[in-house]
Amino acid sequence: MEKVPMTAGGFAALGWEELKKRQSEDRPRIIEHIAEARSHGDLSENAEYHAAKEEQSHNEGRIAELEDKLARADIIDISKLSGDTIKFGATVTLVDEDTEKKTVWQIVGEVEADAKKGRISITSPLARALIGKKKGSTVEVVAPGGAKAYEITKVEWR
């Protein structure tokens, strides 16, 4: 079973609340719907029964997915990390060498990546290019939009 790195915040947001709700509220409610639909007679033409069974299948699939992600989580405490070499959890300030545009990215786990919030997945092309580099280095990233070159101007741990 391959561990999935993530921050403590990402782990907390991953889905404990959703998992608890699906197990303790949705599951019993769906079972009730199935029992009620079953009491209406012939199951082969019972749309209510088939809809409830489909809802149950969707709910159980999502529960299994959440349990798997939570079980494989490898929580990394960023507050205990330091140094000037970029690794998981680092917040990196980059300057695009073509446009001089400055961007700040934190390298996080796949499940918590959100470009709008400045968090990129450890598996993204940019993060893979940054890992192991230091402040002052230049990285070239081949992305879907073409090759880009960035200068690393700051490495932080926050």
Side-chain angles (χ1 to χ4, degrees), residues 1-33 52-158:
M1 182 164 76
E2 184 182 326
K3 288 289 190 180
V4 178
M6 65 181 66
T7 65
F11 183 74
L14 184 57
W16 284 110
E17 293 303 315
E18 180 185 355
L19 181 62
K20 283 194 298 189
K21 180 185 177 297
R22 285 184 177 276
Q23 289 176 325
S24 62
E25 293 174 29
D26 295 350
R27 187 182 272 163
R29 178 184 49 79
I30 293 167
I31 290 170
E32 214 173 275
H33 286 168
K53 288 296 281 183
E54 190 171 315
E55 184 182 9
Q56 180 184 40
S57 174
H58 173 73
N59 190 57
E60 294 302 319
R62 182 65 179 148
I63 287 171
E65 180 184 348
L66 289 169
E67 286 175 337
D68 176 61
K69 285 180 181 178
L70 292 166
R72 293 186 309 130
D74 182 12
I75 302 154
I76 297 171
D77 186 354
I78 295 171
S79 67
K80 294 182 178 162
L81 299 176
S82 63
D84 55 357
T85 302
I86 299 170
K87 55 189 169 225
F88 181 89
T91 300
V92 183
T93 304
L94 305 172
V95 175
D96 185 317
E97 292 193 339
D98 294 332
T99 64
E100 297 297 317
K101 183 181 175 205
K102 184 175 100 172
T103 53
V104 178
W105 297 106
Q106 181 181 23
I107 300 172
V108 296
E110 277 187 51
V111 295
E112 57 189 316
D114 185 346
K116 291 179 182 155
K117 294 180 179 175
R119 294 191 293 244
I120 58 171
S121 166
I122 186 92
T123 60
S124 70
L126 178 57
R128 287 196 316 251
L130 291 170
I131 297 295
K133 303 290 190 295
K134 296 181 180 209
K135 177 182 170 183
S137 301
T138 300
V139 294
E140 190 168 307
V141 181
V142 179
K148 286 272 200 188
Y150 298 98
E151 180 185 350
I152 302 166
T153 59
K154 191 188 284 185
V155 177
E156 301 173 278
W157 303 97
R158 46 180 157 147

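Just so we're clear, the structure is a prediction, and the values are computed from it rather than from any experiment.
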Problem set entry | Considering all heavy atoms, the nearest Arg128-Thr123 contact | NH1-O, 2.5 Å
Exercise. Closest approach of Ile78 and Arg158, non-hydrogen atoms and distance?
Worked result: CG2-O, 3.7 Å
For this session: Measure the shortest side-chain to side-chain distance between Lys134 and Ile152 over non-hydrogen atoms and say whether it is less than 4.5 angstrom.
Result: no
Problem set entry | Note, Arg27 side chain near Ile63 side chain (heavy atom, < 4.5 Å) | yes
For this session: Compare all side-chain heavy atoms of Val92 with those of Val104 and state whether any distance is below 4.5 angstrom.
Result: no
Exercise. Below 4.5 Å, heavy atoms only, C-beta onward: do Asp114 and Val108 meet side chain to side chain?
Worked result: no
For this session: For Phe88, enumerate each residue passing the ring-ring contact (aromatic ring centres under 6.0 Å, His included) test, keeping only those at least two apart in sequence or located in another chain.
Result: none
Exercise. Between Arg22 and Glu18, does at least one N-O distance fall below 4.0 Å, as a salt bridge requires?
Worked result: yes
Exercise. Considering all heavy atoms of both residues, which atom of Lys135 and which atom of Thr153 are nearest to each other, and what is their separation?
Worked result: CE-O, 3.2 Å
Problem set entry | Any Trp16 side-chain heavy atom under 4.5 Å of Leu66 side chain | no
For this session: Can you measure from OG1 (Thr91) to CZ (Arg119) and round to the nearest 0.5 angstrom?
Result: 10.0 Å
Seminar exercise, completed: To the nearest 0.5 Å, atom OG of Ser79 lies from atom CG of Leu81 at 7.5 Å
Exercise. Is the number of heavy atoms from other residues, nucleotides or ligands within 6.0 Å of CD (Glu97) greater than 12?
Worked result: yes
Exercise. Between Lys3 and Ala73, what is the shortest heavy-atom contact and its length?
Worked result: NZ-O, 3.9 Å
Problem set entry | Test: Lys117 and Glu112 ion pair at under 4.0 Å | no
Exercise. Roughly how far apart are Lys53 NZ and His33 NE2, rounded to 0.5 Å?
Worked result: 14.5 Å
Problem set entry | Closest approach of Ala90 to Val155 (non-hydrogen atoms, all atoms of both residues) | CB-CG1, 4.3 Å
Problem set entry | Salt-bridge contact Glu65-Arg62 (side-chain N to carboxylate O under 4.0 Å) | yes
For this session: Find the distance between CZ (Phe11) and CD1 (Ile75) and round it off to the nearest 0.5 Å.
Result: 4.0 Å
Problem set entry | Shortest non-hydrogen separation from Pro28 to Ser24 and the atoms involved | CG-O, 3.4 Å
For this session: Applying side chain to side chain contact (heavy atoms under 4.5 Å, CB included), run through Thr103 and Thr93 and close with a yes or a no.
Result: CA-CA 6 Å; Thr103 53; Thr93 304; over 6 Å; no
Exercise. Looking at side-chain heavy atoms only, is the closest gap between Arg29 and Glu55 below 4.5 Å?
Worked result: yes
Exercise. Would a distance-only check, ignoring hydrogens and angles, find a side-chain to backbone donor-acceptor pair under 3.5 Å from Trp157 to Gly89?
Worked result: no
Exercise. Do Lys69 and Val4 have side chains that get closer than 4.5 Å, going by heavy atoms?
Worked result: no
For this session: Hey, could you give me the OG1/CD1 distance between Thr7 and Ile107, rounded to the nearest 0.5 Å?
Result: 12.5 Å
Exercise. Under 4.5 Å between any side-chain heavy atoms of Leu94 and Leu130, yes or no?
Worked result: yes
Seminar exercise, completed: To the nearest 0.5 Å, atom NZ of Lys101 lies from atom NZ of Lys148 at 8.5 Å
